[in-house]
2 protein chains.
Amino acid sequence: MHNPIDRDTIKLIEKSIEPHMKKKRFQHTLGVMEAAGTLAKQYGADIYKTSAAALLHDYAKDFSKEELLIYVEKYSIETDHILELAHQLLHGKVAASIAAHEFGIEDEEVLLAIEYHTTGRKGMSMVEKIIYLSDFIEPGREYPGVETLRKLALEDLDKAVLQALTNTMIYVLRTGKLLHHNTLEARNEMLMK
Amino acid sequence: MHNPIDRDTIKLIEKSIEPHMKKKRFQHTLGVMEAAGTLAKQYGADIYKTSAAALLHDYAKDFSKEELLIYVEKYSIETDHILELAHQLLHGKVAASIAAHEFGIEDEEVLLAIEYHTTGRKGMSMVEKIIYLSDFIEPGREYPGVETLRKLALEDLDKAVLQALTNTMIYVLRTGKLLHHNTLEARNEMLMK
């Protein structure tokens, strides 16, 4: 139904998701859409694609482990050992499946941007990079270094993604969590450019 | 010639390597052998194996990129994209090949401890863990946190290895270097225990 994605699709998705999301999460979602829109304009990406991905990226973020696993089963989502143990990493994959099956999104770039917005991955498209990065720099984010990252995002998308990946990895290491190999592979790839 | 590895083997290796190593590197090597000996005693590992691995682990550390690549060619050492770009990561593999081909070491545990002492890997043996860790806590090492790590090493080998892996990863990330997937896999494995 939402192919190709246009202004009406975006309005419809926005209206559909609001009642199902916590207010704070919805505000963050709108922030990501705004930041992604700015980056899409800067780098010549499709603003409807970035908007659709932004709106749906955190749709499953507040799902419990049990809810996530129900969707994993329902939509035959492929997982791995790390994803099963660090179940919060699953929310992107679940949101991508919901986007496809329940919102009728067929655009592969949009679905991948939703799926990999938490870990990143090797070979990210422009839309994926924009969503990954916007999640860190949307107007509601406040942390030491965010202004530097916002500035870098407008100057050099790849360098900013590299910085965001590195920041995330250091955070994961410091907090004693499992680190997904997709994040390492994404960072190494950016570093080798 | 050195199978099984005994006291005489260790003396012979020590005498053979000294003239080929920088004084500071040789001192570090003896420090690693000492620390590894303490951990071998603590955890019931073979002290001759840990000593042989300790003595030879950094044998190729001061080789130039060109020298390392000559050995890669000579002994048909398997590399990967990361190892080729971050050539300093190659010195363990080169030292393991030299240990096998030029020092006659056949013990697989010793060879693997030398090979993976820089990156670590999933499925490290006791000897590998001891060498990996001793490299960080030998008496010559001085850095914030080393005393805590020395203490932890005597209490819980796996926890200490996990801490050393995490410290290394944070250092690599902060200094903008490529991170080898073996290190991530080693840490995730330790964390899942």
Side-chain angles (χ1 to χ4, degrees), chain A residues 65 79-90 116 118-124 132-133 136 143-146 148-149 152 155-193, chain B residues 65 79-90 116 118-124 132-133 136 143-146 148-149 152 155-193:
Chain A
K65 185 176 179 175
T79 66
D80 58 41
H81 200 42
I82 306 289
L83 293 175
E84 280 154 29
L85 286 167
H87 69 272
Q88 69 282 7
L89 291 178
L90 274 173
Y116 291 102
T118 313
T119 60
R121 66 169 184 126
K122 196 166 70 176
M124 285 194 274
Y132 183 82
L133 192 53
F136 291 94
Y143 54 85
V146 69
T148 313
L149 193 56
L152 188 59
E155 288 164 7
D156 189 322
L157 186 65
D158 281 350
K159 273 193 188 154
V161 170
L162 172 62
Q163 189 60 58
L165 288 161
T166 301
N167 292 353
T168 302
M169 290 171 79
I170 291 175
Y171 173 79
V172 168
L173 290 165
R174 280 204 180 134
T175 50
K177 292 180 186 164
L178 289 166
L179 185 59
H180 200 279
H181 57 84
N182 281 344
T183 312
L184 174 128
E185 286 168 12
R187 176 178 175 274
N188 279 352
E189 183 190 49
M190 291 289 167
L191 206 54
M192 285 189 273
K193 277 190 180 171
Chain B
K65 184 175 180 177
T79 66
D80 59 40
H81 199 43
I82 307 289
L83 293 175
E84 281 155 28
L85 286 168
H87 69 272
Q88 67 282 7
L89 291 177
L90 273 173
Y116 291 102
T118 313
T119 60
R121 65 170 185 127
K122 197 167 69 176
M124 284 195 274
Y132 183 82
L133 192 53
F136 291 94
Y143 54 85
V146 69
T148 313
L149 192 56
L152 187 60
E155 289 164 7
D156 189 322
L157 186 64
D158 280 351
K159 274 193 189 157
V161 171
L162 173 60
Q163 189 59 58
L165 287 162
T166 300
N167 292 352
T168 302
M169 290 171 79
I170 291 175
Y171 173 79
V172 168
L173 290 165
R174 279 201 181 140
T175 50
K177 292 179 186 166
L178 289 166
L179 185 58
H180 200 278
H181 57 86
N182 281 344
T183 312
L184 173 128
E185 287 169 11
R187 177 180 175 273
N188 278 352
E189 183 190 49
M190 290 290 166
L191 206 55
M192 287 189 271
K193 277 192 179 172

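The contact between B:Ile82 and chain A is made entirely by side chain atoms (from C-beta outward), counting heavy-atom distances below 4.5 Å. Only the side chain of A:Leu184 comes within less than 4.5 Å of a heavy atom in chain B; its backbone stays farther off. For A:Leu85, the part lying near chain B is the side chain, with the backbone staying farther off; criterion is any non-hydrogen pair under 4.5 Å. If you measure heavy-atom distances from A:His81 to chain B, the contacts under 4.5 Å come from the side chain alone.
Atoms CG and CG, from A:Leu179 and B:Leu173 in turn, are 8.0 Å apart once rounded to the nearest 0.5 Å. Atoms CE and CE, on A:Met169 and B:Met169 in that order, are 5.5 Å from each other to the nearest 0.5 Å.
Contacts of residues 186-193 of chain B with chain A at a heavy-atom distance below 4.5 Å involve B:Arg187, B:Asn188, B:Leu191, B:Met192, listed in sequence order.
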